[in-house]
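This report concerns only the one structure given below.
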Amino acid sequence: MSVVLKPTVNNIINLWFGADTPIRQYKIKLNPDLWGACQQINQDFYPPSKSQYIEQYRKSDKVAFAKAVLEELDRN
């Protein structure tokens, strides 16, 4: 069973903001480039809602994060 994810907004949101489960860990292992881009963006990301905690991110914050990750992937 291969779980190589396409870099889409929904896949990035589910991968980064999803509950920490063995399936998620498996997806992270099989998608190191996508996970690395998420980690890179997370260092300097400021959500539009100005929320300080990931748990309080709105849907628009998560979408903005995913779009920033997609831009990072395009640059590399």
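In this chain, residues are counted from 1 in sequence order. Remember, predicted model here, so these are calculated numbers, not experimental data.
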Say you draw a straight line from [atom1] of [X] to [atom2] of [Y]; how long is it, rounded to the nearest 0.5 Å?
X	Y	atom1	atom2	result
Leu30	Gln25	CG	CD	11.5 Å
Glu72	Gln39	CD	CD	12.0 Å
Tyr57	Gln52	OH	CD	10.0 Å

Which word best sums up how the rings of Phe17 and Phe65 line up, parallel for under 30°, tilted for 30 to 60°, or perpendicular for over 60°? perpendicular

Would you check, one step at a time, whether the test side chain to side chain contact (heavy atoms under 4.5 Å, CB included) holds for Thr8 with Ile12? CA-CA 6 Å; Thr8 65; Ile12 293 168; over 6 Å; no

Measure across [X] and [Y] and return the closest heavy-atom pair with its distance rounded to 0.1 Å.
X	Y	result
Asn31	Leu5	OD1-N, 2.8 Å
Ile13	Lys62	CG1-O, 3.7 Å
Phe45	Asp61	CZ-O, 3.6 Å
Trp16	Arg24	O-NH2, 3.4 Å

Step by step, would you call Lys27 with Leu34 a side chain to side chain contact (heavy atoms under 4.5 Å, CB included)? CA-CA 10 Å; Lys27 289 178 182 179; Leu34 185 58; over 6 Å; no

Side-chain donor or acceptor of Asn11 paired with backbone N/O of Pro7 under 3.5 Å: no

Exam field: side chain Asn42 to backbone Cys38, donor-acceptor pair closer than 3.5 Å: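 It does not hold such a pair.
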
